[in-house]
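Here is the structure we will look at.
Quick note: residue numbers are just sequence positions, from 1. Not measured: the values here are computed from a predicted model.
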Amino acid sequence: MILQLFGIYAKSDMDAYTAYLGDDQSKAYDMTIKYKNASLAQAGSWDIYASYRYLGQFATISPTYHISGRDTKGLEIGADYVPDKNILTMLEYYKGKRLSADYGHNPTDYNGIYSRIEFFF
């Protein structure tokens, strides 16, 4: 069994210089737990993961996550599957909230589904 834990944290002091009154936008963090590891060399390999992300817009410039973006917090679950050698499929679901929803006119819920197929040569 392969179990991996990942985490990141970022902090800024931008909240102190603005009149922003919503959730704390000066911090960002990610906590991820992943089971197994999909290998491009092995057809039928797969992995699954779950992440909690809090991405304040003053602490992140351009997050590279597929669904979750700046100004959101929430839970993401996903899976990777290798149907054949050098082909990777991916499916992700994110359920969260906009951090600025209580300050601006943004809708509170922030949800998304992302899928992708990659071919490696």
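The line from OH of Tyr54 to NZ of Lys97 is 8.0 Å long, rounded to the nearest 0.5 Å. For the atom pair Met31 CE and Leu5 CG, the distance stands at 11.0 Å (nearest 0.5 Å). Of the inter-residue distances, the one linking Gln25 atom CD with Thr60 atom OG1 reads 8.0 Å to the nearest 0.5 angstrom. Atoms OG and CZ, from Ser62 and Arg70 in turn, are 8.0 Å apart once rounded to the nearest 0.5 Å. If you take CG on Leu99 and CG on Leu55, they are separated by 8.0 Å, rounding to the nearest 0.5 Å.
In the hydrophobic clustering of this structure, Ile33 does not group with Met90; members are Ile, Leu, Val, Met, Phe, Trp, Tyr whose side-chain heavy atoms approach within less than 4.5 Å, directly or through other members. Cluster annotation: Tyr114 and Tyr49 are assigned to distinct hydrophobic clusters (Ile/Leu/Val/Met/Phe/Trp/Tyr, side-chain heavy-atom contacts under 4.5 Å, transitive). Under a hydrophobic clustering in which Ile, Leu, Val, Met, Phe, Trp and Tyr are joined whenever their side-chain heavy atoms come within less than 4.5 Å, directly or via other members, Tyr93 and Ile48 fall into different clusters. Residue Phe121 is grouped with residue Ile87 when hydrophobic side chains (ILVMFWY) are merged at heavy-atom distances under 4.5 angstrom, including chains of intermediate members. Residue Leu91 is grouped with residue Ile77 when hydrophobic side chains (ILVMFWY) are merged at heavy-atom distances under 4.5 angstrom, including chains of intermediate members.
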Under the criterion side-chain contact (heavy atoms from CB on, under 4.5 Å), I'd like the reasoning laid out for Phe120 against Glu118: C-alpha separation, chi angles, the key distance, then a yes or no. CA-CA 6 Å; Phe120 296 86; Glu118 292 181 289; 3.6 Å; yes

Go through the steps to decide whether Asn37 and Gln4 satisfy the test side-chain contact (heavy atoms from CB on, under 4.5 Å), and finish with yes or no. CA-CA 9 Å; Asn37 199 18; Gln4 300 172 14; 4.3 Å; yes

Take Leu75 and Lys95 through the side-chain contact (heavy atoms from CB on, under 4.5 Å) test and state the conclusion after the steps. CA-CA 6 Å; Leu75 179 67; Lys95 176 152 182 68; 5.5 Å; no

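Contact record, Pro63 with Gly69: CG-C, 4.4 Å, taken as the closest heavy-atom pair. Contact detail for Ile67 and Gly112: the closest heavy-atom pair is CD1-O, 3.7 Å. The two residues Ser68 and Tyr110 come nearest to each other via the heavy atoms CA-CE2, 4.3 Å. Of all the heavy atoms in Ala59 and Ala10, the pair that sits closest is O-CB, 3.9 Å. Listed here is the closest heavy atom pair of Ser51 and Arg53: OG-NH2, 3.5 Å. Across all their heavy atoms, Ala28 and Gly56 have their closest contact at CB-N, 4.1 Å.
A distance-only check finds a donor-acceptor pair linking the side chain of Ser45 to the backbone of Ser39 [under 3.5 Å]. Judged purely by atom type and a 3.5 angstrom limit, Ser26 has no side-chain atom pairing as donor or acceptor with the backbone of Phe58. Under the 3.5 Å distance criterion, the side-chain polar atoms of Asp71 are left unmatched by any main-chain donor or acceptor of Gln57.
Taking the centre and axis of the six-membered ring of Phe6, the NZ or CZ atom of Lys34 falls outside the cone set by 45° and 6.0 Å.
Ring orientation note: the planes of Tyr29 and Tyr52 are tilted relative to one another, at an angle of 30° to 60°. By the 30° and 60° cut-offs, the orientation of the rings of Trp46 relative to Tyr35 is tilted.
More than 12 heavy-atom neighbours from other residues, nucleotides or ligands sit within 6.0 angstrom of NZ on Lys11.
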